[in-house]
Structures are given as C-alpha cells and as structure tokens.
Protein chains: 2
Amino acid sequence: MPTLSEVARRAGVTPATVSNVLRNRGRVGEATRLRVLEAIEALGYRPHLSARALAEGRPPTIALMVSSIANPFYPEFALAVENALRRSGRFLIICNTAGDPQTGRAYLEQIAGTLSAGVLVMNANLDFADLRATERRGAPVVLCMWERPLDPPGLPCVAVDFRLAGELAAQHLLALGHRRIGAIVGSKVSGIHAARYDGFVAAMQAAGLDGALAPVRYAPDTTQGGYAAASELLARHPDLTALFATNDLPALGAMQAAADLGLDVPRELSVVGITDIQLARESRPALTTVAVATVEAAELAVALLTELVETPAAPTTPAQSAARVCVVSAPRLVVRASTAPPRK
Amino acid sequence: MPTLSEVARRAGVTPATVSNVLRNRGRVGEATRLRVLEAIEALGYRPHLSARALAEGRPPTIALMVSSIANPFYPEFALAVENALRRSGRFLIICNTAGDPQTGRAYLEQIAGTLSAGVLVMNANLDFADLRATERRGAPVVLCMWERPLDPPGLPCVAVDFRLAGELAAQHLLALGHRRIGAIVGSKVSGIHAARYDGFVAAMQAAGLDGALAPVRYAPDTTQGGYAAASELLARHPDLTALFATNDLPALGAMQAAADLGLDVPRELSVVGITDIQLARESRPALTTVAVATVEAAELAVALLTELVETPAAPTTPAQSAARVCVVSAPRLVVRASTAPPRK
DNA sequence: TTGAAAGCGCTAACAA
DNA sequence: TTGTTAGCGCTTTCAA
C-alpha cells in the first residue's frame with residue numbers, strides 16, 4: 001500500500017503538503033493541490049487510519065458496550081449508532097459483555113483510549129467505578145439509555161423517561177376499563193426497570209387502585225422470562241384481565257403463555273409492553289406498546305460522545321458529568337392488537 | 001496515560017525489555033521481569049493498541065460487513081464472531097452496508113488494511129471486484145456463508161450446504177404426505193437462495209413430482225416479504241397444503257399470512273423454513289426449520305481469517321483462494337409445531 | 001505557500 | 001539477558 005511519503009515524492013512536494021491537501025487545510029497552492037490529488041489518484045493512496053490515530057492521539061473509533069448484541073433490541077440501536085458514526089467518519093467496535101462486569105472491564109481496559117476514542121454504554125452491566133476510571137484515562141463515556149431523567153447518574157448520558165412510559169402503558173389499560181392488572185418487571189427488584197414499574201404503580205394509584213398491591217413478578221428481560229412470569233401470574237390470579245410488562249420481549253413471552261393457556265389475546269387478556277421493537281409490530285396479535293425514541297437516543301448519544309471526544313480533555317468532575325444529560329422525546333403509546341376492553 | 005517508556009524508566013530498563021516482558025518473549029531475566037511487571041502495575045500501564053497496530057503493521061481488528069445488523073439473523077452470527085475474536089485478542093468492527101455496494105466499497109477502502117487486519121463478509125451485497133481489490137491491498141477477505149460448497153467463489157470462504165437444507169425441508173414435507181407445496185424464495189431469481197430452492201426442486205423431483213412446476217414466489221428476505229408471497233400463493237393456489245420458505249424470516253411471515261387468512265398452522269397449512277434463528281423457536285406455533293451451524297460457521301470464518309491475516313502475505317491467486325473453502329457440518333431438520341400431515 | 005523536523009507509542013532487528 | 005537503533009505512516013509546529 002502506498003504511503004503518504006510516496007504520494008509526496010511523486011507530486012514533488014513534502015509529506016506535510018500532502019497532509020494539508022488531505023485535511024483540506026487550505027494553505028496549499030491550487031496547482032500543487034492538483035498535482036497532489038493526481039498523485040493520490042494515480043497511486044491509489046488511502047490514509048492509514050492506525051497511523052493517523054497514533055499521530056492525532058485519538059482513533060476514529062467508538063466502542064459500544066452491550067450485554068448481548070443478540071438481544072433483539074440492541075441491533076436496532078446499534079444500527080442507528082453505526083449510521084450516525086459513519087456520517088461523522090468514525091467506526092463502531094462492538095463489545096459484548098455477556099452481562100459480565102469482568103468482561104466489560106477487560107474490554108474497557110484494553111481498548112478505551114487506545115483503540116477507541118470513547119465508549120457508549122448500553123445496559124452492559126458494567127461497574128460504575130470502571131466507567132469512571134475509563135473517563136479518567138481520557139476516554140469519554142456516555143450512558144445510552146438512562147431510565148430516570150430526573151436522577152442523573154454522574155456520567156454523561158442520554159435519558160429516556162421510562163417512568164412516563166410505564167404510566168402511559170398503565171393508563172392505556174385503565175382507560176380500556178381494566179382493573180385487575182398484573183405486572184411483569186423484566187429485571188431484578190432493584191433493577192433498571194424500576195422506573196417503568198414506578199410509573200405503572202403511579203398510574204394505578206392515580207386511578208384509585210393500590211398499584212403496589214397489583215400482582216407482580218420479576219423475571220429476566222427475555223421472552224422466556226415473560227413466558228414464565230405470565231404463566232405464574234395467570235395461574236395464581238386467574239381473574240387478571242391484563243398484563244403490563246416493562247419491556248416488549250417479556251410482553252411477547254406473556255402473549256405466548258396466554259396462547260399456550262388457551263387464552264385469547266386481546267379478548268380474554270390484554271398485554272402491553274414498552275419500547276416498540278421491530279418484533280412488536282410483527283407478532284400476532286401485534287403488540288400494543290409504548291414506543292421509545294431509539295434512533296433519536298442513538299443519535300444523541302453519538303453526538304454527545306463526539307463532542308466529548310473532540311473537546312480537549314477537560315478532566316470531568318462528577319458534577320460536570322451530571323450536567324451532560326440529554327433527554328429524548330417523550331415515549332408515546334402505540335396501540336395495536338394485543339389490548340382491548342376486558343370481557344365483562 | 002503512562003507509556004511503555006515510562007514503565008521502562010521506572011523499572012530501570014529500556015523499552016525493548018518492557019516490550020519483551022509484555023509479549024512474553026522469554027529472553028528476560030526473572031528479576032528484571034518482576035521489576036517490569038511491578039512498574040506496569042504501579043503505573044497502571046496499558047499498551048496503546050493503535051501504536052502497536054502501526055508498529056506491527058496490522059491492527060488487532062476485524063471488520064464484519066453485513067447488509068443490516070438489524071436483520072434477526074446477523075446478531076446471532078455477529079455474537080459468535082465477537083466471541084471467537086475476543087478469545088484471540090481481536091476486536092470487531094461492524095460495517096453496515098444497507099445492501100448498498102457503494103457504502104460497502106467505501107468501508108473497504110477506508111478501513112481494510114488500515115484499521116482492520118481483515119474482512120469478514122456476511123451477505124453484504126458487495127462487488128466481487130472490490131473484495132478482490134481489498135485482498136490485493138493486503139487485507140484478507142473471508143466469505144462467511146457461501147451457499148454452494150461445490151462451487152467455490154474464488155475467495156476464501158466458509159460454506160454451508162444450503163442445497164441440502166432445501167432438500168431436507170422438502171423431504172420433511174413430502175414425508176408428511178404433502179404433495180401440493182408452494183415455495184417462497186427469499187431473494188431475486190438468480191439470488192443467493194438459489195441453492196436452497198434447487199434442493200427443494202430436487203427433492204420434489206425425487207418424489208416423482210415436477211418440483212419446477214410447484215408454485216413459487218420470489219420475495220425480499222423478510223417477514224413482510226414472506227407475508228406478501230404467502231398471501232399471493234395462497235390466493236392463487238388455495239389447494240396448497242404446505243409452504244416451503246428458503247429462510248426463517250419469510251417462513252414466519254408466511255405463518256402470519258396464514259393466521260390472517262384464518263388458516264390454522266399446521267392443521268390446514270404446514271410451513272417450514274431454513275436456518276433456525278432464535279425467533280423460530282419463539283414463534284407460535286414454533287417453526288419447523290432446517291438448522292444451519294451458525295456458530296460453527298462463525299468460528300470457522302474467524303479461524304480462517306486469522307490464519308490468513310497471520311500468514312505472511314503470499315499474494316493469493318484466485319486458484320489459491322479457491323482452495324480455502326471450509327465446509328461446516330451438514331444442516332439438520334428441526335421439527336417443531338408448524339408442520340403436520342395434510343388434512344385429507 | 002511550502003519544507004524541515006520532531007514525535008505519537010510501540011516493535012524488532014541487531015549488537016553488546 | 002539487555003540495550004541501541006530504526007522505523008511503522010501520519011500530523012504538526014515552526015521556519016523559510
């Protein structure tokens with residue numbers, strides 16, 4: 001592969017000039033510029049990105065930490081991230097933590113700042129301390145889907161009002177006339193779906209029901225988890241007319257459980273989820289859900305990280321980080337075919 | 001961030017020695033080694049991967065070209081690739097071509113050989129010429145799911161016997177007693193699913209039916225595509241008792257179409273797909289399909305590419321490339337709930 | 001407008 | 001076993 005020096009030699013200039021031409025720095029005579037361009041063309045020169053990364057002190061690369069790229073939600077997000085990055089001439093490294101903080105730390109230690117200029121974190125179950133250490137080493141970190149806009153994490157982040165999402169979902173069921181509603185929370189009790197559940201409880205409360213007393217199950221954030229949770233809930237509380245799930249995947253699982261129990265959705269059981277992943281549209285019946293601005297979140301996250309990466313590393317204090325919170329558009333209800341008024 | 005020289009200074013040795021310790025090159029005294037290790041620890045030193053890439057002449061990175069990471073098949077494959085790479089200390093750059101050869105070429109030109117040591121190609125609709133050019137520039141290319149083991153592409157590849165997959169699917173339907181079977185081919189007429197369809201036709205032939213005359217529709221390789229194709233087929237040929245699809249996504253779409261037409265699957269219509277993506281297990285009814293060794297293919301692809309990357313670049317002729325064909329385990333039928341004998 | 005020179009952080013001969 | 005010396009390909013002052 002031809003190098004910049006070879007281009008320079010051929011064009012009868014020095015490497016510095018070629019570099020200036022490449023970066024459109026201006027300070028190059030038009031005739032020279034043309035000669036350089038011609039040499040580039042003739043030689044088929046392409047800049048060596050690793051060399052450039054070293055010289056510039058920062059690679060054209062961003063790492064996306066996810067717990068599993070195979071989770072049907074992430075690809076949509078990753079796609080949006082990749083698109084946004086490509087537009088800004090950067091590249092995306094996918095880091096799969098498999099939900100294991102060790103793996104996450106290993107990734108961060110290896111590539112943050114040395115092979116990737118910054119880090120996007122998408123629910124990868126990482127130690128907060130590791131993230132702050134990463135920041136301190138000079139690789140900015142952005143949390144991609146913070147659940148509580150009003151409770152910033154002390155790290156730059158893109159926040160989604162998931163509490164509102166929970167409220168909207170519950171309000172929809174309530175408006176349809178449901179009163180006996182079960183909840184499936186796709187994480188641990190103290191987990192990241194807490195805000196969504198809070199919203200649900202609040203909406204119930206507001207409707208004069210004791211939301212905290214509504215039957216609830218905590219389950220893994222998967223279809224299987226939702227399936228198991230729904231099976232249990234329906235076995236224990238046969239009078240439930242609707243199920244609220246904090247995420248689409250468990251909601252989809254709940255629909256399967258209903259199908260296997262011979263319950264017709266939505267006639268005998270309504271199901272609502274949160275996020276609006278592609279599958280929600282494609283399931284039968286199509287899932288009613290609360291759509292989250294995934295693409296917008298991805299773009300904001302990339303924009304925020306880009307800014308941080310390009311800003312001369314003013315060592316960020318927690319307070320400064322706290323200030324870097326972008327909130328995406330409010331979630332909105334998408335009514336499809338999995339919800340209906342309860343049978344009397 | 002501390003550099004190797006700083007570590008050297010602190011340990012009272014030269015950079016070369018530190019490098020030797022880091023690479024476990026052996027030729028270092030035990031006492032020195034310990035001192036160096038201690039300095040590394042004390043300083044929190046981590047090797048700068050971009051610098052190393054430049055010095056070694058090759059980055060620790062591999063590019064995976066896919067048409068859309070959001071296609072439910074790719075994440076499973078990408079996950080397996082990522083795992084295999086991580087085990088070998090490499091990192092994964094995701095390149096989304098959106099099926100556009102331009103975008104693909106731009107990616108290849110930018111990063112192949114300069115930011116990524118090699119390229120994995122997963123049905124990204126790339127120009128063959130671009131791939132060969134990439135190879136010539138010194139960045140090995142491996143095709144990840146070549147469809148016809150007996151017809152090598154002139155590029156190193158991992159091949160899957162998709163013709164056999166098509167045969168197995170058809171044989172299953174035939175064995176159940178189906179005779180009026182429609183086919184949904186998830187690509188253009190001359191597209192990459194041709195081998196699968198060939199297998200289908202051959203199996204029909206072998207059963208004494210004129211497979212080539214079986215109703216067939218070509219459609220995009222998506223649920224929507226399958227939905228539309230199945231709707232058409234069933235409208236035009238109400239006597240069909242089974243549908244064969246060359247991929248799971250269209251098969252799933254076909255099941256939805258059946259549901260919307262009020263046809264019970266599998267009682268009134270059997271549906272079979274190919275690949276066995278995660279969704280196939282999770283759909284209701286669960287999809288009968290022919291499982292392809294995805295993980296094995298990913299691992300073989302990584303192994304093959306790794307070998308090519310590490311082999312001192314003997315400029316490969318097409319003939320040599322042709323020799324680099326790995327074939328994964330044969331596909332195998334997975335019977336689930338979407339197939340049954342035809343109603344008399 | 002162009003050139004000269006130093007250096008990014010690391011590796012790898014080759015010498016000692 | 002360890003050090004010396006050149007780079008890898010590019011960017012970027014600073015001079016001319």
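Residue numbers start from 1 in every chain, and the chains themselves are labelled A, B, ... in the order their sequence lines are given, proteins ahead of strands. The figures here come from the full heavy-atom set of this structure, side chains too, leaving out hydrogens, waters and symmetry mates.
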Do [X] and [Y] make a side-chain contact, defined as non-hydrogen atoms from C-beta onward lying under 4.5 Å apart?
X: Met122(A); Y: Leu64(A); value: yes
X: Thr114(B); Y: Ser50(A); value: no
X: Ile40(B); Y: Leu22(B); value: yes
X: Phe128(A); Y: Leu155(A); value: yes

Over how many whole Å does the gap from [X] atom [atom1] to [N] atom [atom2] extend?
X: Leu34(A); N: dT2(C); atom1: CG; atom2: P; value: 12 Å
X: Leu49(A); N: dC8(D); atom1: CG; atom2: P; value: 18 Å
X: Ile40(A); N: dG9(D); atom1: CD1; atom2: P; value: 16 Å
X: Arg9(A); N: dC10(D); atom1: CZ; atom2: P; value: 12 Å
X: Leu4(A); N: dG9(D); atom1: CG; atom2: P; value: 11 Å
X: Arg58(B); N: dG9(C); atom1: CZ; atom2: P; value: 23 Å
X: Glu30(A); N: dT2(C); atom1: CD; atom2: C1'; value: 15 Å
X: Asn20(B); N: dT1(D); atom1: CG; atom2: P; value: 11 Å

Got a salt bridge between Glu82(B) and Arg86(B), using NZ or NE/NH1/NH2 to carboxylate O under 4.0 Å?
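Yes.
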Indicate yes or no: does Glu6(A) engage Arg9(A) in a salt bridge with an N to O separation below 4.0 Å.
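Salt bridge between Glu6(A) and Arg9(A), a charged N being under 4.0 Å from a carboxylate O: no.
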Quick one: which of [options] gets closest to the side chain of [X]?
X: Ala55(A); options: dG9(C), dC8(C), dT11(C); answer: dC8(C)
X: Val28(B); options: dC8(C), dC10(C), dT2(D); answer: dT2(D)
X: Val13(A); options: dG9(D), dG3(C), dC10(C); answer: dG3(C)
X: Thr32(B); options: dT12(D), dT2(C), dT1(D); answer: dT1(D)
X: Leu54(A); options: dT4(D), dT11(D), dG9(C); answer: dG9(C)

Verdict with supporting geometry, Val66(B) and Thr97(B), side-chain contact (heavy atoms from CB on, under 4.5 Å):
CA-CA 6 Å; Val66(B) 297; Thr97(B) 66; over 6 Å; no
In this structure, which one of Asn96(B), Leu120(B), Asn125(B), Leu108(B) forms a side-chain contact (heavy atoms from CB on, under 4.5 Å) with Met65(B)?
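The side-chain contact (heavy atoms from CB on, under 4.5 Å) with Met65(B) is passed solely by Leu108(B) among Asn96(B), Leu120(B), Asn125(B), Leu108(B).
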Pairwise N/O distances under 3.5 Å, protein to nucleotides 13-16 of chain C:
none

Does [X] place a side-chain N or O at less than 4.0 Å from the phosphate oxygens OP1/OP2 of [N]?
X: Ser19(B); N: dT11(C); value: yes
X: Arg52(A); N: dG9(D); value: no
X: Thr3(A); N: dG9(D); value: no
X: Thr17(B); N: dT2(D); value: no
X: Arg25(A); N: dT11(D); value: no

Using five base pairs at each end, measure the axis-to-axis angle across the helix from dT1(C)-dA16(D) to dA16(C)-dT1(D) and round it to 10 degrees.
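Computed angle between terminal axes is 40°.
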Donor + acceptor pair across side chains of Ser329(A), Glu296(A) (<3.5 Å)
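Checked: Ser329(A)/Glu296(A) side chains pair up, N/O donor to acceptor below 3.5 Å.
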Among residues two or more places apart or on two chains, list those pairs meeting salt bridge (charged side-chain N to carboxylate O under 4.0 Å, His left out) that have a residue in residues 18-44 of chain A.
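Matches after skipping sequence neighbours: Arg23(A)-Glu56(A), Glu30(A)-Arg33(A).
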Pick base, sugar-phosphate or nothing for Gly29(A), based on heavy-atom distances below 4.0 Å to the nucleic acid.
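Counting heavy atoms under 4.0 Å across all strands, the contact made by Gly29(A) is with sugar-phosphate only.
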